[in-house]
Amino acid sequence: MRRVAVVAVAQTKFQRRRPDLMPAQMVYGVCKEVVAKAGIDRSEIDFTAAGSADYLEGRPFSFGQALRYEGAWPPINETHLEMDGGWAAYYAWIRLVTGKYDTALVTSWNKSSEASIHHVMNIALDPFYESAIGAGPIPLAALQARAYMNRTGVTSEHLAKVAVKNRRNALKNPYAQVKKDSTVQEALSSPMLSDPLHVADCPPISDGAVAIILAAEGKAERLCSRPAWVTGVHHASDSGIIGFRDLAEVPAVRAAAQGAYKMAGISDPLRDLDVAEVCETFSHQELMLYEGLGFCGPGEGGKLLDSGMTEAGGELAVNPSGGCLAADPIMCRSLVRLGEAALQVMGQAEERQVPGAKRALAHGTYGECLQGNIVWILEAD
Amino acid sequence: MAEPVTIFPRHLRLPYTLTAGAMQSRFAKAVRDEKKIYGNRCTQCKRILVPPDIACAQCWADTEGWIELKDRGVVKTFTVMRVPFYGQKIEIPYVIAQIVPEGGDGAIMHLLQEVEAEKVRIGMRVEAVWTDEKRTGSLADDILYFRPTGEPDMPIEEMVERGWGL
Amino acid sequence: MADNTELVQRQVEIEFPYQSATGAAVSRFLTALRDDKRIWGLKCPRCQRVVVPAQDYCDVCAEDMSEWVEVGQEGEIVTWTVVRNENTLYPHKTPFAYALIRLDGADTSLLHTVVARDYAAIKGGSRVRAVWKDERTGHIRDIGHFAPVGEEA
Amino acid sequence: MRNAAVVGIGQTHHVSKRLDLNMAGMVREAAQRALADAQLTFNDIDAVVIGSAPDLFEGVALPEQWLAGALGAYGKPILRIHTMGSVGGCTAISAFYHVASGVFDKVLTVAFEKQSEAQTTWVFSAGSGGRSFSSGAGGAFAPVARFYIDRWKVPLEMGPRVAVKDRGNAMRNPYAHWKKGAVTLEDVMNSPMLWDPFRYLESCPTSDGAAAMVFAAEDIAPKIHRKPVWVKSAVAMTESLTMSMGMKALPPAAVACAKRAYADAGITNPRKELQMAEIYTPFSWIEFILYEGLGFCDEGQGWRLLEEGVTEFGGSFPVDPSGGVISTNPIGASGMLRMLEAALQVRGDAEGGHQVPDVRQALGHAYGGTINYHAVMIFSDTKP
């Protein structure tokens with residue numbers, strides 16, 4: 001299979017509200033920046049993929065507004081996905097793997113500060129039974145957290161510890177939104193939103209945009225001194241019906257990981273990987289992801305966390321960027337993880353750099369309770 | 001026994017708070033407070049964008065300046081809307097035109113009134129009729145409509161030459 | 001941009017009375033709630049699971065389903081959360097609980113609400129029973145909520 | 001890049017209200033027909049690509065999440081495309097590249113719209129707050145048509161003649177939404193004006209329907225279907241929204257898209273080397289703009305192709321023998337229907353009498369937005 005790499009990454013500083021720019025306008029700066037970073041002209045980009053959601057922007061066909069900021073003149077080879085930008089990156093990767101194209105620009109943007117996330121995500125549920133009962137992301141995640149905790153014995157302290165770890169990591173990430181050095185006790189004493197989830201266990205509402213450039217072998221080396229090669233990637237969906245699922249388990253995470261590991265030749269991820277950026281949209285999900293991604297055995301997510309191995313200085317740093325708990329621009333979240341993992345491999349993660357990181361994992365997700373999952377393995381030569 | 005359920009009514013209501021952004025807010029405030037339409041200029045092709053924007057769609061380049069335009073212009077093209085829809089706030093039929101304000105190169109979309117639909121032409125010269133009631137900064141609401149000025153039309157060849165399409 | 005002190009905001013609502021066709025299985029399921037206060041599932045010919053609430057296909061196997069099975073009005077709580085923040089979409093005033101409920105005879109869970117006197121007493125496996133509304137329209141909330149067995153009245 | 005072929009084709013019978021099926025049932029019906037055509041099951045499929053236009057049409061956000069299980073994507077990759085009206089075309093193209101990349105062997109793709117669940121013209125105005133000048137799809141395209149008519153001084157009956165052609169063609173397509181029979185020029189001219197210059201009979205209906213295709217890799221495609229339809233080109237091109245409202249009434253992205261598609265297929269004279277085309281004409285006059293954009297003729301000459309009968313069903317280069325979008329428009333599916341119909345023509349399987357004789361190569365086209373999104377696929381009976 002043809003080798004493809006991430007060669008440049010740009011992101012806005014994520015913030016609770018970005019009122020000075022309209023949603024699509026946030027794309028202009030990151031696209032300009034990422035093209036400049038790759039040192040190419042817009043006309044050298046063979047394919048463009050974008051990811052966003054109409055219902056979060058409050059208007060139909062909203063992504064059409066972004067075209068001018070993506071540089072769609074003269075006409076470009078472009079496709080928009082009504083999905084998280086992480087899947088736009090996947091489609092761009094598919095296009096490059098064909099050998100027909102050499103470079104791709106991938107972008108996504110998100111301004112959920114202007115919408116009610118609960119109302120929007122409620123109508124993504126099965127319309128007859130699950131949407132009609134009024135549920136949204138926080139109570140559904142809480143059902144998952146309880147189911148997982150009941151299965152494994154993971155405690156509220158474990159959840160708090162994830163939140164503390166990631167937001168402390170975020171102190172070193174200039175793009176993160178919620179960053180603080182706090183204690184488990186502080187997290188546990190934050191208000192209970194939907195038990196067992198405290199405010200500290202939930203992601204912030206974030207506005208911002210991200211863009212990356214992918215390039216195929218032959219081109220990538222010229223655009224980047226240390227490209228982050230995609231050596232494995234796969235994605236998989238769980239059922240979208242919450243009641244159909246065993247919420248204590250993450251089979252679609254396992255399916256995505258197995259596909260990516262097989263492609264990359266990874267047998268022992270904890271040993272083989274140097275760093276992982278995962279979409280823990282709620283704190284318990286990071287522990288579920290440890291299991292689903294094979295960082296530990298079944299039921300051992302809490303134990304792995306306690307071991308300190310996933311801390312910033314640990315054997316396998318997880319979310320040195322701060323993850324989704326530090327900034328959660330919904331339609332960008334998976335693309336940001338891919339970008340952050342690439343920056344680690346490229347050696348460009350600045351203060352949050354994991355020293356000597358050569359092989360990274362990026363995990364992305366869409367839907368409720370980790371329904372859709374994508375896993376990327378990125379490696380330096 | 002009642003009929004079986006075959007239609008499930010779902011009355012959806014999704015709330016939003018949309019912010020115009022800094023540049024569009026400035027544009028809106030001029031509409032609201034001064035009854036004026038502004039554009040800005042592409043740093044590369046020098047064309048005047050209406051409404052103003054942070055980037056030129058043609059050049060993928062930054063913009064500059066803040067240029068006052070006339071609240072009159074030329075009908076670039078138009079249609080007559082005769083189709084009702086849910087939540088429609090304007091009585092059908094109505095003429096919707098793309099109007100290039102004098103001094104600008106881009107078009108704004110607005111209503112055309114004080115003219116029979118059958119008599120609207122491409123190239124027709126029109127002017128804005130503003131509301132004196134409480135203005136909100138929305139061009140769609142603060143200008144009630146445009147109306148013909150009666151001056152001679154701009155020939156279509158001149159419009160093509162000016163490259164207003166881009 | 002010299003002048004950006006005041007930003008113009010608009011409150012907007014996307015509002016529409018959608019009319020969603022139910023299809024056969026959802027139609028029969030909702031009609032039975034309304035007319036008979038009975039709860040039906042469908043059995044997957046492949047994985048043999050009894051799926052409740054009923055839909056036309058198995059979400060795991062993608063098989064069409066047509067074998068109807070009635071399930072109990074009672075079941076056990078698989079997982080639950082007590083909701084404390086308000087939202088206009090919630091069917092009850094807080095606190096109330098969302099729960100996945102495995103009805104007797106079903107192999108999947110129903111997402112619904114639980115209203116209880118003492119939420120601290122809820123445990124995994126707690127028995128709950130459907131509490132029906134008097135005015136029913138063919139809606140999943142014709143079951144007003146589930147209540148711990150013994151608290152239905 | 002390896003070759004890929006269409007090995008399964010399915011569609012629903014398109015109607016204004018599909019009340020017996022919900023969204024999931026409707027996409028499954030098309031998917032199951034495509035799978036049956038390929039003699040495959042959901043289990044055989046490696047990945048699923050779906051497409052539909054704005055989620056506001058059905059009031060289900062990000063519907064790939066709910067529909068994943070309905071389309072057999074449990075535990076598998078599912079991808080959702082949305083490129084406005086061109087989405088069905090871009091979705092098929094995406095599925096093609098999933099196979100051509102070598103990553104997947106068998107990919108199911110489904111595009112749909114169930115417009116009866118809301119109101120199409122409302123969707124275009126949604127979220128605007130105050131007065132909306134949004135005038136629906138017709139209102140978006142009418143100004144372009146108006147400009148075309150004035151620019152090239154086209155006889156006013158030419159637009160209506162597109163409706164006569166397409167609604168007549170629909171009578172031979174058992175899946176078409178339009179069932180009321182052939183119409184005369186007089187019928188069209190006398191039908192009510194909706195969006196000047198588009199009259200009622202010159203405008204697409206709002207339909208409920210779904211389309212599905214299965215793409216397979218070159219080594220297995222001939223084992224799956226007796227007559228695999230090979231993909232020679234799959235190109236999608238986009239330009240900024242304001243661009244195509246240009247004064248030339250010649251959408252640059254269409255021109256660029258066709259140019260690349262012909263280059264990929266080695267075509268220099270499309271009207272000679274292709275035997276037919278299915279193009280995306282939701283409103284009468286747009287047809288001529290597309291003839292020109294897709295290089296079937298020179299600029300300003302599109303209407304003459306129809307005047308001379310070239311693009312009629314019995315002409316030398318039939319366009320939209322299925323009846324086209326004017327006769328059937330489940331928006332998200334409409335682009336895929338163009339691709340699927342072109343593939344059926346190459347296979348010789350167009351039912352109900354709308355098969356064009358001896359089709360060896362055919363073009364499918366879809367557009368969207370302000371005519372700024374374009375997708376073209378070229379299908380062939382011969383492996384490239």
Side-chain angles (χ1 to χ4, degrees), chain C residues 7-34 40-68 87-89 100 106-111 138-140, chain D residues 15-29 31-32 35-36 40-45 48 54-61 63 65-76 78 108 110 114-132 208:
Chain C
L7 294 159
V8 175
Q9 284 195 335
R10 287 181 297 145
Q11 304 294 325
V12 168
E13 191 176 53
I14 292 185
E15 172 272 318
F16 194 85
Y18 284 88
Q19 299 280 313
S20 301
T22 57
V26 175
S27 169
R28 181 162 169 183
F29 180 88
L30 293 179
T31 304
L33 296 186
R34 184 191 64 186
W40 289 84
L42 278 162
K43 188 171 181 181
C44 174
R46 193 183 181 92
C47 69
Q48 303 293 318
R49 296 200 299 175
V50 173
V51 171
V52 181
Q55 59 179 47
D56 294 293
Y57 53 92
C58 172
D59 227 54
V60 169
C61 306
E63 293 284 328
D64 289 322
M65 299 193 290
S66 56
E67 188 186 338
W68 288 88
N87 191 293
T88 56
L89 291 180
L100 289 181
D107 294 305
T108 63
S109 301
L110 172 69
L111 175 65
H139 193 286
I140 191 66
Chain D
V15 295
S16 58
K17 287 176 193 280
R18 191 67 200 266
L19 295 178
D20 62 320
L21 296 176
N22 62 27
M23 272 169 79
M26 195 181 72
V27 295
R28 278 172 65 78
E29 184 172 279
Q32 285 170 323
L35 289 169
L40 297 173
T41 69
F42 283 117
N43 284 321
D44 298 315
I45 295 297
V48 180
D55 297 350
L56 279 78
F57 278 134
E58 293 88 1
V60 176
Q65 298 176 14
W66 171 43
L67 297 176
L71 291 169
Y74 175 80
K76 293 177 187 172
I78 180 166
L108 169 69
V110 186
K114 206 161 191 293
Q115 281 167 257
S116 67
E117 312 235 323
Q119 191 192 69
T120 304
T121 304
W122 164 75
V123 169
F124 285 80
S125 75
S128 53
R131 291 201 298 181
S132 168
D208 286 0

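Computed from a predicted model, the values in this text were never measured in an experiment. Sequence lines set the chain letters: A, B, ... in the order given, protein chains first and strands last, and positions in each chain run from 1.
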Beyond-backbone contact of D:W66 with C:D59, side-chain heavy atoms, under 4.5 angstrom
no

To the nearest 0.5 Å, what is the distance between OG1 on D:T41 and CD on C:E63?
8.0 Å

Best-contacting candidate, D:Q32, D:K114, D:M26, against chain C by heavy atom pairs under 4.5 angstrom:
D:Q32

Could you tell me which non-hydrogen atom of C:A62 sits nearest to which non-hydrogen atom of D:G72, and how far apart they are?
CB-CA, 3.6 Å

When rounded to the nearest 0.5 Å, the distance separating SG of C:C61 from CZ of D:F42 is 12.0 Å

Quick check on D:D208 against chain C: is it the side chain, the backbone, both or neither that has a heavy atom closer than 4.5 Å?
neither

Proximal component of D:R18, with respect to chain C [non-hydrogen, under 4.5 Å]
backbone

Side chain to side chain contact (heavy atoms under 4.5 Å, CB included) between C:D56 and D:N22, intermediate numbers included
CA-CA 10 Å; C:D56 294 293; D:N22 62 27; 4.3 Å; yes

Among D:A31, D:G25, D:A70, D:A126, who wins on heavy-atom pairs under 4.5 Å with chain C?
D:A70

Sort C:E15 into side chain, backbone, both or neither according to what part of it lies under 4.5 angstrom from a heavy atom of chain D.
backbone

Would a 4.5 Å heavy-atom cut-off, applied to side chains only, mark D:L71 and C:Y57 as touching?
no

Can you tell which part of C:S20 gets under 4.5 Å to a heavy atom of chain D, answering side chain, backbone, both or neither?
both

Do you know which two heavy atoms are closest between C:Y18 and D:G59, and how far apart they sit?
CE2-N, 3.2 Å

Determine the minimum heavy-atom distance between D:L21 and C:A21, stating which atoms define it.
O-CB, 3.5 Å

